[in-house]
Amino acid sequence: MGKSKKQNRAEDKPTMKRREFDKLVKPLHGELVAMQEWVKSSGAKIVIVFEGRDTAGKGGVIKELTSRVSPRVFRVVALPTPTPREKSQMYVQRYVSHLPAAGEVVIFDRSWYNRAGVERVMGFCSDEEAKKFLLTAPTFERAMVDSGITLLKYWLEVDAEEQTLRLQSRIDDPRKYWKLSDLDLKSYSRWYDYSRARDEMFRQTDTAWAPWFVAHTNDKKRGRLNVISHILDQIPYEPLKQPDVTLPKRQKPGDYEEPAYLPREIPEPY
């Protein structure tokens, strides 16, 4: 009997340990720096969209992706609930102003696809509005790509059991309780409504110019490594040449003397 697709997924491997993750992510960080320098020098414009179920690990992937690069090049956009004025605008209008200029990478922690997911499932928009969005989104994204933007769209997927464990952890751990919202609890009960919305979103908006990529993130560490390595594979950056840098000699102290104390030094309990 042949192996099923699920048997080849990362979450069927042993959970990755922190030491192994740290070893594997370090060279990827170096490649992201090389990518950053290429983006700056080439004037590339890149948009990376992260969508997925609640607790799928979007924040963790984004944090790892941006931890060693410049926030002036890699810019994260996580828009709050729209204002009454924004609600009166064309739906995608408030996202357009955040699109990149030359030499920028913009990462959307949720995006215009809110309309296809949470807004539709939770009743924040009408079914007609959601369907209209799904019809127009490919055209909007085609315009982005035609303008020179490289658009990458990722859906992060966890299974129902893992989502339950992660939400329960937010309830039980005072360090994570701030992550838990009333909307999370309402969304939790609508697993299959979200599944239907996701499936239709894929059918309508998985296009040749802006395809969806699915990352399984039951194992958070493997998921982060897989997403970062995939992003690097999609961008035609050049390897970074290590500059030959020598530290200059430091000046001599001359008549400078260290003060006896510094004002308002903090306690040192550690």
Side-chain angles (χ1 to χ4, degrees), residues 3 5-18 20-40 42 44-53 55-70 73-78 99-100 104-113 117 137-138 141 144-145 148-159 162 198-199 201-202 205-240:
K3 290 184 178 180
K5 291 183 179 179
K6 188 173 182 181
Q7 286 177 306
N8 293 319
R9 291 180 185 170
E11 62 259 37
D12 296 301
K13 300 176 182 178
T15 301
M16 182 173 285
K17 303 297 184 183
R18 185 75 209 186
E20 182 183 4
F21 174 79
D22 289 341
K23 179 181 178 181
L24 293 172
V25 81
K26 186 176 180 179
L28 294 180
H29 284 155
E31 291 301 315
L32 285 169
V33 172
M35 172 185 150
Q36 169 183 271
E37 297 308 297
W38 175 82
V39 167
K40 288 163 56 179
S42 67
K45 299 179 290 184
I46 299 172
V47 169
I48 306 173
V49 168
F50 285 106
E51 295 288 343
R53 295 186 184 275
T55 77
K58 294 179 290 297
V61 171
I62 292 170
K63 183 178 179 181
E64 201 64 58
L65 180 62
T66 59
S67 64
R68 300 291 180 172
V69 292
S70 170
V73 179
F74 282 72
R75 180 160 50 87
V76 179
V77 176
L99 296 179
E104 294 181 344
V105 179
V106 174
I107 300 168
F108 283 94
D109 183 356
R110 294 200 182 274
S111 66
W112 44 95
Y113 282 102
E141 292 172 355
M144 291 171 58
V145 172
I149 291 174
T150 297
L151 174 59
L152 301 175
K153 302 186 304 191
Y154 291 94
W155 176 271
L156 275 53
E157 183 70 26
V158 292
D159 63 30
E162 182 64 21
R198 175 204 60 192
D199 295 347
M201 180 187 76
F202 286 165
T205 64
D206 182 43
T207 60
W209 55 90
W212 278 102
F213 299 105
V214 177
H216 297 279
T217 55
N218 270 11
D219 186 329
K220 291 181 180 181
K221 295 180 182 64
R222 291 188 190 278
R224 293 169 192 175
L225 294 172
N226 290 334
V227 170
I228 293 172
S229 63
H230 188 270
I231 290 171
L232 291 168
D233 285 343
Q234 303 305 303
I235 306 300
Y237 69 96
E238 301 293 333
L240 182 64

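Only heavy atoms go into these numbers, but all of them, side chains included; no hydrogens, no water, no symmetry mates.
No side-chain heavy atom of Thr15 sits under 4.5 Å from any side-chain heavy atom of Lys221. The shortest distance between side-chain heavy atoms of Glu20 and Leu24 falls below 4.5 Å. Between Thr66 and Val76, the closest side-chain pair of non-hydrogen atoms falls below 4.5 Å. Side-chain contact between Ile48 and Ile46: present, with at least one pair of heavy atoms (C-beta onward) separated by less than 4.5 Å. Using a 4.5 Å heavy-atom threshold, the side chains of Lys153 and Pro211 count as separate.
Judged by distance alone, the side chain of Ser111 and the main-chain N or O of Phe108 form no donor-acceptor pair under 3.5 Å.
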task = Before giving the answer on salt bridge (Lys or Arg N to Asp or Glu O under 4.0 Å), spell out for Asp22 and Arg18 the whole-Å C-alpha distance, their side-chain angles and the decisive distance to 0.1 Å.
result = CA-CA 6 Å; Asp22 289 341; Arg18 185 75 209 186; 3.1 Å; yes
inquiry  = One pair to check against side chain to side chain contact (heavy atoms under 4.5 Å, CB included): Val47 and Leu99. What are the steps and the verdict?
reply    = CA-CA 7 Å; Val47 169; Leu99 296 179; 4.1 Å; yes
task = Go through Phe74 and Ile62 one step at a time and tell me if the side chain to side chain contact (heavy atoms under 4.5 Å, CB included) criterion holds.
result = CA-CA 10 Å; Phe74 282 72; Ile62 292 170; over 6 Å; no
key: side chain to side chain contact (heavy atoms under 4.5 Å, CB included) evaluation trace for Leu225 with Met16   = CA-CA 11 Å; Leu225 294 172; Met16 182 173 285; 3.5 Å; yes
Audit row: Trp209, Leu151, side chain to side chain contact (heavy atoms under 4.5 Å, CB included) steps and yes/no = CA-CA 8 Å; Trp209 55 90; Leu151 174 59; over 6 Å; no
Test side-chain hydrogen bond (donor to acceptor under 3.5 Å, both in side chains) applied to Gln234 and Thr150, step by step = CA-CA 9 Å; Gln234 303 305 303; Thr150 297; over 6 Å; no
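Residues passing the side chain to side chain contact (heavy atoms under 4.5 Å, CB included) test with Pro239: none are found, sequence neighbours excluded. In this view, Lys45 and Pro100, Ser147, Ile149 satisfy the side chain to side chain contact (heavy atoms under 4.5 Å, CB included) rule, not counting sequence neighbours. Residues that satisfy the side chain to side chain contact (heavy atoms under 4.5 Å, CB included) test with Arg75, not counting sequence neighbours, are Val77, His98, Glu104, Val106. Evaluation of the salt bridge (charged side-chain N to carboxylate O under 4.0 Å, His left out) rule for Asp233 yields no partner, not counting sequence neighbours. The ring pair (Phe, Tyr, Trp, His ring centres under 6.0 Å) check on His230 picks up Tyr154, Phe213, with sequence neighbours excluded. Listed by chain and number, the residues in a ring pair (Phe, Tyr, Trp, His ring centres under 6.0 Å) with Tyr237 amount to none (sequence neighbours excluded). With sequence neighbours excluded, the residues that form a side chain to side chain contact (heavy atoms under 4.5 Å, CB included) with Ser67 are His29, Glu64. The salt bridge (charged side-chain N to carboxylate O under 4.0 Å, His left out) check on Glu162 picks up Arg166, with sequence neighbours excluded. Taking Tyr113 as the reference, Phe133, Trp212 meet the ring pair (Phe, Tyr, Trp, His ring centres under 6.0 Å) condition, with sequence neighbours excluded. Every salt bridge (charged side-chain N to carboxylate O under 4.0 Å, His left out) that Arg53 has, sequence neighbours left out, goes to Glu157. In this structure, the salt bridge (charged side-chain N to carboxylate O under 4.0 Å, His left out) partners of Lys40, at least two apart in sequence or on a different chain, are Glu37. Taking Thr55 as the reference, nothing meets the side chain to side chain donor-acceptor pair (under 3.5 Å) condition, with sequence neighbours excluded.
Atom CE of residue Met35 and atom CD1 of residue Ile228 lie 10.5 Å apart, to the nearest 0.5 angstrom. A distance of 13.5 Å separates OG1 of Thr217 from CZ of Arg222, quoted to the nearest 0.5 Å. Separation of atoms CG (Leu32) and OG (Ser70) is listed at 13.0 Å; rounding is to 0.5 Å. Rounding to the nearest 0.5 angstrom, the gap separating the CG atom in Leu65 from the CG atom in Leu232 is 8.5 Å. With rounding to the nearest 0.5 Å, the separation of CZ in Phe50 from CH2 in Trp155 is 13.5 Å.
The pair Glu51-Arg110 meets the salt-bridge criterion, with a side-chain N (NZ, NE, NH1 or NH2) lying under 4.0 Å from an Asp/Glu carboxylate O.
Taking both residues in full, the closest heavy atoms of Trp38 and Ala44 are given as CZ3-CB, 3.6 Å, listed atom of the first, atom of the second, then distance. Closest heavy-atom contact between Val33 and Val69: N-CG1, 4.2 Å.
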